Amino acid sequence: MPSRREKRQTEALSVATPREDPVCALCLRPIPPGVPQSSHHLVPKLRGGTHGPQVLLHHICHKEIHATLSETELARDYNTPEALRAHPRLEKFVAWVSKRPPGFSSKVPGRRRVRD
């Protein structure tokens, strides 16, 4: 029996056309098969987003979001892909990662913010 994560990934992949790879909601690069990917709750589950909308992201993009923003900031101010891309630090990250191939993966530095 597939796990919840596998089901979400399968559902997200089924939305894409069979010939095209899904696109990361943050960096807008394709997510080829076999590349680590994550389903991101636009409103964090701890802030009431358990059944809310989710987007598919490269794993590196997802880690960068959570290294940059707190759960409260995500719920209050950055609950759309457009708002995330508009954040100054994430904007720089997107410009940097967009120059890398779609399968690029790297370690994300430690926390860049002070916890609420």
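One is the number of the first residue; the rest follow in order along the sequence. Keep in mind that this is a model prediction, so the values were computed, not measured.
Residue Gln37 holds its CD atom at 9.5 Å from CG of Asp21, rounded to the nearest 0.5 Å. Here CG of Leu57 is found 4.5 Å from SG of Cys24. Values are rounded to the nearest 0.5 Å. Atom-to-atom distance recorded for Ser98:OG and Phe104:CZ is 11.5 Å, nearest 0.5 angstrom.
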Fill in: side chain to side chain contact (heavy atoms under 4.5 Å, CB included) assessment of Thr80 paired with Leu42
CA-CA 6 Å; Thr80 66; Leu42 290 172; 5.6 Å; no
Worksheet item: After noting the C-alpha distance and the side-chain angles of His41 and Gln54, does the key distance pass the side chain to side chain donor-acceptor pair (under 3.5 Å) rule?
Response: CA-CA 4 Å; His41 286 83; Gln54 298 177 35; 3.3 Å; yes
Fill in: Full working for side chain to side chain contact (heavy atoms under 4.5 Å, CB included) between Phe93 and Leu26
CA-CA 10 Å; Phe93 170 79; Leu26 183 65; 4.2 Å; yes
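Here the side chain of Asp77 pairs no donor or acceptor atom with the backbone of Glu73 at under 3.5 angstrom.
At least one side-chain heavy atom of Leu74 sits under 4.5 Å from a side-chain heavy atom of Leu84. No side-chain heavy atom of Pro102 sits less than 4.5 Å from a side-chain heavy atom of Val35. For the pair Ile65 and His87, the minimum side-chain heavy-atom distance is 4.5 Å or more. Pro53 places none of its side-chain heavy atoms less than 4.5 Å from the side chain of Val43. By the 4.5 Å heavy-atom criterion applied to side chains, His58 and Cys27 are counted as neighbours.
Between Ala86 and Glu91, the closest heavy-atom pair is O-OE1, 4.4 Å. Minimum heavy-atom separation, Pro81 to Val55: CG-CG1, 4.1 Å.
The closest side-chain donor-acceptor pair between Thr72 and Arg47 falls under 3.5 angstrom.
Partner Ile31 forms a side chain to side chain contact (heavy atoms under 4.5 Å, CB included) with one of Pro22, Ser38, Cys61 and no other, that one being Pro22. Of the options His62, Lys63, Glu64, a side-chain hydrogen bond (donor to acceptor under 3.5 Å, both in side chains) to His66 is made by His62 and by none of the others.
Considering only residues two or more places apart in sequence or on other chains, Leu28 meets the side-chain contact (heavy atoms from CB on, under 4.5 Å) condition with Val23, Arg85.
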